[in-house]
Structure formats: C-alpha cells, structure tokens
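Every number for a ligand or one of its atoms is a count from 1 in the order of the listing.
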Amino acid sequence: MHPALRPSFEAVLQRNPGEPEFHQAVLEVMLSLAPIADSRPDYTQWSILSRICEPERQIIFRVPWTDDDGVVHINRGFRVEFNSALGPFKGGLRFHPSVNLSIIKFLAFEQVFKNALTGMPIGGGKGGSDFDPKGRSDAEIMRFCQSFMTELYRHIGEYTDVPAGDIGVGGREIGYLFGQYKRITNRYESGVLTGKGLSWGGSQVRTESTGYGTVFFAAEMLAARDESLEGKRVVVSGSGNVATYAIEKAQALGATVVACSDSAGYVVDEDGIDLALLRDVKEVRRERLTAYADERPSATHVADGSIWDVPCDVALPCATQNELEAEHARVLVKNGARLVAEGANMPCTPEAVAVFRDAGVAFAPGKAANAGGVATSALEMQQNASRDSWAFGYTEDRLRSIMRDIHTSCVETAARYGEPGSYVMGANLAGYTKVADAMVAQGVI
Ligand code: NDP
C-alpha cells in the first residue's frame, strides 16, 4: 500500500472493529489508489478518504414475525446508505443467515464504485437481514417481508434510497415488499424498488441482467484478446439468479457450461447444463442439485470438494463472497483457465486474485463484471419515472452497450495509470475518481 494511504486504512480498522469483510473491501480499493496518491494528493487525503469509507447512514432494526405454527421469531434488519454523491442510494437486499453489519457494509462500499462505473446517476447502499428463507412457506416469507418493510419504508423512496434483490431476495420477495410499501404510504411509487414484476413496473431483462452482463463483460475481455466464448468450457458457481442467466447467455454465445453448484455441492454435466431442468429444480421446486443429477444421466453430483477442480477455460464465480480461495485459483491455473469474471460480489479472496495476476489469467472484479444488474435497475427507474416500458431487445442492447462501456473505461483507466491489463486497477480508479470528483464539488457534507 502507498505510504500516504496507510494511516487512512489503519483508521478504518480502528473505527470498524470486528468487520473483516468490510476491511477486505476497503483494502482492495486502497491498494489500487497508489497511482493517484502522488498525482492527485487531494483525492487521497484523509478528508476525502474518511468520508468515502464512512457510510452516510447505517440503520439496524428489529424484525419480528410469526411462523405458520404461531411461534414468534426475531431477526435483525440492516440498511447501510453508504454514499449519495452521484444519486439516490441504490443496492440490493440480502436475506441469508450469514448477514451481519460487516457483510452489508462491504457490499454497500463495493456498490458505490460499481454504480459509479455504470455511468448512471445512482449512489451506493445495501441492506438485508439474517433471516433464512430456506424451508419457509410463502405465507411465512410474506409475513417476514411485511414486517421488514414496516420499518424500512420510512428510510427509502425513489429520490432517497432504492433497494433491489440479492441473495435470498427475488421476484417473490420484491412483490411482498412493494405491496407493503404501497399499503403503508398510500403511494404507487414504482421507482422505490427495482426487480419488480413485469406487469407492475418491472423492466424487461432485469431478472437476467446480472448474469447476462457478466457474460457480456467476459466476452469483451475475450474479444480484446481476439477470442470468443465459442467452444469454450465454462464453470459457473451457484445456481441462483446470477448463475442461471450467466449459464443461459454463455451457452447462447457458444460455450458449454459443464458445472454449477449450490451450498450443498456441485454437478458436473459434460453435455452442458440443461437450463430448463436446472430452473425447474432450483426455481420451481426449490430443491437441491442432487435432484438435477438424479434426473439427468450425463450429470454427476459431488457433495464434497470444490467446483473449481473441474477443468475449464473460463470460470464465473456467481455464488457468494470468498468462495474461491488461493488453493482453488492454483488448481484453475494448473488446469488451464484463462479468464475469471466475478458474477458474485467479492467471490475471490485477495490471495486468489494474486494467483491469477501472477499467472497472467485475465481477471475482472465484480464491481465491473456484475454491474449489469444495477445498471438495468437504473433503466427500470428511468422507465418508472417516464411511465414507460421498453421492449426486451432494446433493453438488452442497452445492457450490452453499458457493459462494453464499462469494459472500455476499465481498460483505458488502467492504461492511463500505468497498469495496462489490470481490470482491478481500472475499475477501482475509474469508480473512485468519479465519486471523489462529485464529493469535492459538493463540499464537506
Ligand atoms: P441467489 O440467492 O439467487 O443465489 C445464490 C446462489 O449461491 C445459490 O445457488 C446458493 O445456493 C449459492 N450460495 C449461497 N451461499 C453459498 C455458500 N456459502 N456456499 C456455496 N454456495 C452458496 O443470489 P444471487 O444469484 O442474486 O446472488 C449471487 C451473488 O451475486 C451474490 O454475491 C450477490 O451479491 C451477487 N450479485 C447479485 C445481483 C443480482 O442482481 N441478483 C447483482 C450483483 C451481484 P443455495 O441454493 O444452496 O442457497
């Protein structure tokens, strides 16, 4: 780390004890700021850094709800409104038992720079709860969402803070959350949440956008090397929203996706993942991937071990943070992987990223590669503001061109600061300078 930045990082550690994921996300950005520490000392002075690393507002609240047997449960809700220099706070809600303040802060911090990279007028935030939706009935999910929104509604709004989905929060949950918001406020404020259903203010392509966008970004990276996805072997971790549509688009562009996973193991399918079966198992029946392997003769389920043992040309980690460690990265490199693009947020540990860098593997961080989801959310907000709805093809073209622009911005920024080929440096420096410029212009607030 540049010596001028070290005191700032130490201060972040001291002010935010016991938050390892947040520390990791801040460190990753600070390590990228060396090229501007000398040329733009005004950007990296503690006065700017301190504000960029301190959320504007952090809300923690009680979420009481009753299960189908009448038993009362208490969960904890979070919303971290990190930075609104570029627009209203924008970022998803995560429902998963692992959720805590550190995880929400890391996600919100990353979101600030990701949203800046999209070129859309949106700030960064994130929220969620330690609620575990697994095994809960629709009625229980609805009661939980209603209770969650009964507190959250007072903090959000189309000009203030616009949540969306993330792990454990899909179309069903956004529906229950929106319904409760509408009921409490007596306002049909479509732009208050994104990821809505198509008949009530949602956007075409929003469901597909994070996975599609990740593959569009990977395709741009390959094109920069005169290659394409045609004929490539691809491994995608996860089998949720991001993974499903990454698989769909990668196969549409000529790749064979030979493996995907969930939190109980992974499947290898040399014939290529059968997307219709995968969606039936995960989205409709909400079962484990063992059911996929049971019904597909070409597939094998592996309960232990790592999906990154499966040889591939392209790896797309699309499950969760820190799921790909240095030892996995070494196996991927040994097996000939040439490109890694993060569909999830921070799925690769810093040590894994270093292995890829040293081996010359093209690596795209999530804040660039998975920005298509939030970018399409911003397109949904545009449609809501103009009471319009766009066709699928038009919206997908906008997404593709946004991903191309982000790729260009990363490549050009990295080259300008003397780090050609580093998507990490390009993404962090482009995102950081955009946010810092706006903050300087708006004064000390
Ligand atoms: P989903 O809940 O739809 O899917 C998550 C998938 O990851 C599931 O297959 C889940 O398995 C698996 N998973 C979760 N935790 C673990 C774990 N600890 N170990 C192994 N597998 C795990 O979430 P999304 O697809 O929406 O999100 C995935 C990632 O993408 C997250 O990092 C999210 O922050 C990021 N992201 C999402 C965006 C979006 O638009 N949805 C936008 C940008 C980033 P199981 O089925 O067993 O639970």
query = Below 4.0 Å from any atom of ligand 1, is there a heavy atom belonging to R94?
reply = yes
key: H301 and Y292 side chains, donor-acceptor separation under 3.5 Å   = no
query = Are E295 and R285 within salt-bridge range, i.e. N to O under 4.0 Å?
reply = yes
key: Proximity of M346 to ligand 1 by residue part, where a heavy atom lies under 4.0 Å   = neither
ask   = Do R233 and E270 sit within salt-bridge range, that is, some charged N less than 4.0 Å from a carboxylate O?
value = yes
ask   = atom 44 (C) of ligand 1: which protein heavy atom is closest, and how many Å away?
value = N345 ND2, 3.5 Å
Between W65 and F131, ring centroids under 6.0 Å = yes
note = If we number the atoms of ligand 1 from 1 as shown, the ones under 4.0 Å from a heavy atom of K282 are 46 (O)
request  = Name the closest protein heavy atom to atom 38 (C) of ligand 1, giving the residue it belongs to and the distance to 0.1 Å.
outcome  = T210 OG1, 3.6 Å
query = Does a donor on one side chain and an acceptor on the other come within less than 3.5 Å for D68 and S137?
reply = yes
task = Specify the protein heavy atom at minimum distance from atom 10 (C) of ligand 1: its residue, its atom name, and the distance to 0.1 Å.
result = S263 N, 4.5 Å
note = To atom 28 (C) of ligand 1, the nearest of G240, A319, G366, A344 on a heavy-atom basis is A319
Top protein contact for atom 27 (O) of ligand 1, by heavy-atom distance = I167 CG1, 3.6 Å
inquiry  = I'd like to know whether the aromatic ring centres of F82 and F113 sit less than 6.0 Å apart in this structure.
reply    = no
request  = Mark up the atoms of ligand 1 that fall under 4.0 Å of a heavy atom belonging to R206, in ascending order.
outcome  = 40 (O)
key: For atom 14 (C) of ligand 1, the protein heavy atom that lies nearest, with its residue and separation   = T320 CB, 4.3 Å
task = From the options N384, V162, L177, select the one residue that forms a side-chain contact (heavy atoms from CB on, under 4.5 Å) with L193.
result = L177
ask   = Has ligand 1 got any nitrogen or oxygen that is less than 3.5 angstrom from a nitrogen or oxygen of Q321?
value = no
Donor + acceptor pair across side chains of D269, S298 (<3.5 Å) = yes
inquiry  = Tell me if the aromatic rings of F78 and F61 count as close, with their centers under 6.0 Å from one another.
reply    = no
Test of ring centre spacing under 6.0 Å for F216 and H407 = no
ask   = atom 25 (O) of ligand 1: which of T244, V242, L107 has the nearest heavy atom?
value = V242
task = Answer yes when R94 and D166 have at least one side-chain N-carboxylate O distance shorter than 4.0 Å, and no when they do not.
result = yes
request  = Any chance you could lay out the side-chain contact (heavy atoms from CB on, under 4.5 Å) test for D262 and K282, step after step, and finish with the verdict?
outcome  = CA-CA 9 Å; D262 64 16; K282 296 302 293 188; 2.9 Å; yes
task = Between A243, G373, S239, flag the one that comes closest to atom 9 (O) of ligand 1 by a heavy atom.
result = S239
message = Is the contact between E323 and ligand 1 made by the side chain, the backbone, both, or neither, using heavy atoms and a 4.0 Å cut-off?
response = neither
message = I need the nearest protein heavy-atom contact for atom 3 (O) of ligand 1: residue, atom name and distance, please.
response = N241 N, 2.9 Å
task = Starting from atom 48 (O) of ligand 1, locate the nearest protein heavy atom and write down its residue, its atom name and how far away it is, to 0.1 Å.
result = K134 NZ, 2.8 Å
ask   = Under 6.0 Å between ring centres, would you say that holds for F95 and F144?
value = yes
ask   = For atom 33 (C) of ligand 1, what is the nearest protein heavy atom, given as residue, atom name and distance?
value = D166 OD1, 3.1 Å
message = So if I count the atoms of ligand 1 from 1 in the order they appear, which ones are less than 4.0 Å from some heavy atom of G238?
response = 9 (O)
Ligand 1 N/O within reach of N370 N/O, cut-off under 3.5 Å = no
query = Short N/O distance, under 3.5 Å, between C318 and ligand 1?
reply = no
inquiry  = Out of all atoms in ligand 1, which are within 4.0 Å of some heavy atom of G168? Include the element for each.
reply    = 2 (O)
